[in-house]
2 protein chains.
Amino acid sequence: MTAAQRAAPRRERARAATIEEIKQTALRLMHEQGTLSVRFTDIARAMDMTPPALYRYFADRDVLLCALITDAYDALGEYVAECREGAPVADLAERWKAVAQAYRDWARREPEQFMLILGMPLPGYAAPTDGPTTEAAKRAMAQLQSLFHEANAQGALRPPIVAEVSAAVEECAAMKNAESPATVSPAHFQAMLHAWASLHGFVMLEINGHFDWIGEAARDALFLGQVRAIAHAAGMPVPDA
Amino acid sequence: MTAAQRAAPRRERARAATIEEIKQTALRLMHEQGTLSVRFTDIARAMDMTPPALYRYFADRDVLLCALITDAYDALGEYVAECREGAPVADLAERWKAVAQAYRDWARREPEQFMLILGMPLPGYAAPTDGPTTEAAKRAMAQLQSLFHEANAQGALRPPIVAEVSAAVEECAAMKNAESPATVSPAHFQAMLHAWASLHGFVMLEINGHFDWIGEAARDALFLGQVRAIAHAAGMPVPDA
DNA sequence: TCACTGCGTTACGCCTCATAACAAACACGA
DNA sequence: TCGTGTTTGTTATGAGGCGTAACGCAGTGA
């Protein structure tokens, strides 16, 4: 054991704090500039440092982005889970609504982070097998999956509107069920993916400005309608209008 | 009238050809590199030219991107319209399926162009009022809207699953109906937006790699299921499984 | 033949990413 | 208290992209 290794405690804390400050600054700049391409130079300037200093903490920009992605999907997952728990266990319609609204609200509050994890994959990225990118998908889905599992356990799950399931999807559902305790029927697995896609599409269109012509109030109403339509189609209890 | 103005014909054709070649090269490079950030230098190299030469045709990279965006939404709109016309007028279920599949297929074939128009807005862009970005939304929607209009004219339109329409959405629908000959009821206007969002979400998740774990065959089946579920929810005739 | 216009080139300045070499601050043991 | 090695920050430097400026060259029409 070297002296350095034993020396650690204070320095490690300082280092962790700096790393955190860098990430926060990067997020702030992304937010302010409304873009995902943050300049190392700008981050350094904002922190009263020189650009090369940042390389002590992140090997290059991609590593920093990777860290931001990891953080972002954790944050999204946590927020959605938190909001889901905020609604009573018995009221599944409310739980679904809470999940959907959490997804939307988080995306609207942190559009850059949302795009970071669910937008276009970065050029040199996504190399690590089962990297954070696919993890993001899994976590987002896990939230939904447990919702369907709960509903089924409570006997509140109707069959989805589209009940036919192809062999390929069935196989896929089996694979997915094998790696999670919250098992669901193939038909509801399919419905779950439909639900996620529909929810995601609304949020994507909205945060990317394609619903800007719709006006705030109408958009909110439209979203609630979408949430209800999804619940209908998926066989979940439908939230009130 | 100057000499140059009269001289035009041949030179103008050459110029147009070069502009076209630049755009095609840019698209090809984007496609090859899987990214939206094309380097002027690379385009020039691929065309056996020097970078500054491109500035004779595009003031800067943003102008080029702007042109690409305009082209892309035209291409998407045309392809979707073409596929819609490919299905018989009477068979509205097939028409809807054709539109949805065209949207998906085009996005899969040209993911970069798709992200260009429907992905994250570019930093310095979207300035021109009613610029191509919002135009893209309008055109995509126009395709759907005429579909609903046709269905209604044929008496094949059921009420959507979610029939309640807020005053705000109703107002929005009225506004939209005023600027298009293909009028639809407020409830179906709402359903149409839900349909678009759902379709869009699936496509976005897919082309951004979040469905990579699903396997080709299952993804196709899943998509068909989604298309059917959307038709169900929107009150449109439902395609066969 | 001769101006004129448009196109493409080279030369340049500025900025960013990233590395290298160096200096200061620090922790710890003797 | 001092010396050693580590960590962290700096300045200096190189590679490469964007965009401008100034120049050469070809085609056009009088």
Side-chain angles (χ1 to χ4, degrees), chain A residues 1-26 28-30 32-33 35-68 122-125, chain B residues 1-26 28-30 32-68 122-125 127:
Chain A
M1 183 187 250
T2 73
Q5 279 169 334
R6 269 180 291 103
R10 277 185 50 190
R11 290 204 138 159
E12 269 187 12
R13 257 180 298 148
R15 184 177 179 80
T18 306
I19 286 178
E20 193 55 31
E21 189 186 351
I22 293 173
K23 292 196 289 194
Q24 291 307 320
T25 307
R28 184 167 58 78
L29 290 176
M30 289 196 328
E32 286 172 11
Q33 305 172 6
T35 176
L36 296 186
S37 61
V38 205
R39 279 188 275 277
F40 249 49
T41 308
D42 291 345
I43 299 174
R45 252 200 291 273
M47 293 177 64
D48 283 318
M49 290 176 47
T50 53
L54 300 184
Y55 288 85
R56 296 283 180 196
Y57 301 91
F58 296 97
D60 58 21
R61 229 176 60 246
D62 285 348
V63 173
L64 171 58
L65 279 179
C66 183
L68 292 179
L122 284 84
Y125 186 63
Chain B
M1 184 185 254
T2 73
Q5 278 168 336
R6 267 179 294 101
R10 277 185 50 192
R11 291 208 138 156
E12 269 187 12
R13 257 181 299 148
R15 184 177 178 81
T18 306
I19 287 178
E20 194 54 32
E21 189 186 351
I22 293 173
K23 292 196 290 194
Q24 291 307 319
T25 306
R28 184 167 58 78
L29 290 176
M30 290 196 327
E32 285 172 11
Q33 305 173 5
T35 174
L36 295 186
S37 61
V38 206
R39 279 189 275 277
F40 248 49
T41 309
D42 290 345
I43 299 175
R45 252 200 290 271
M47 293 177 66
D48 282 318
M49 291 177 44
T50 52
L54 300 184
Y55 288 86
R56 297 279 181 198
Y57 301 92
F58 296 97
D60 59 21
R61 230 175 59 246
D62 286 349
V63 174
L64 171 57
L65 279 179
C66 183
L68 292 179
L122 285 86
Y125 186 65

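Chain A is the first sequence line, chain B the second, and so forth, proteins listed ahead of strands; every chain is numbered from 1. Below, all heavy atoms of this structure are taken into account, side chains as well, without hydrogens, waters or symmetry copies.
When the P atom of D:dT8 is taken as reference, atom CD of A:Glu21 falls 14 Å away, rounded to whole Å. Remark: P of C:dC7 and CE of B:Met47 are 13 Å apart, rounded to the nearest angstrom. Protein atom CZ of B:Phe58 is 16 Å distant from nucleotide atom C1' of C:dG6, rounded to whole Å.
Between B:Thr25 and B:Ile22 the shortest side-chain heavy-atom distance does not fall below 4.5 Å.
In this structure, B:Tyr57 reaches the sugar-phosphate backbone alone: every heavy-atom distance under 4.0 Å involves primed, P, OP1 or OP2 atoms, never a base.
Looking at residues two or more places apart in sequence or on another chain, you find a salt bridge (Lys or Arg N to Asp or Glu O under 4.0 Å) between B:Glu20 and B:Lys23. When the side chain to side chain donor-acceptor pair (under 3.5 Å) test is applied to B:Arg28, the partners found at least two apart in sequence or on another chain are B:Glu32.
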Which pairs, protein N/O on one side and nucleotides 24-26 of chain C N/O on the other, fall under 3.5 Å?
from   : atom 1 : to      : atom 2 : distance (Å)
C:dC26 : O4'    : A:Arg11 : NH2    : 3.4

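Note: B:Leu29 CG to B:Gln24 CD = 11.5 Å, rounded to the nearest 0.5 Å. Here the straight-line distance linking atom CD1 of A:Ile19 with atom CD of A:Glu12 works out to 10.0 Å at 0.5 Å rounding.
Side-chain N/O atoms of A:Arg15 include one lying less than 4.0 angstrom from OP1 or OP2 on D:dT8.
Listed for the A:Asp60 side chain is a donor-acceptor partner under 3.5 Å among the backbone atoms of A:Val63.
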| remark: Once base and sugar-phosphate atoms are separated, protein heavy atoms under 4.0 Å mark nucleotides 10-22 of chain C, 5' to 3', with B, S and - as BB----SSBB---
Side chains of residues 41-59 of chain B: which donor-acceptor pairs under 3.5 Å do they make with residues two or more places apart or in other chains?
from    : atom 1 : to      : atom 2 : distance (Å)
B:Asp42 : OD1    : B:Arg45 : NH2    : 3.3
B:Asp42 : OD2    : B:Arg39 : NE     : 3.2

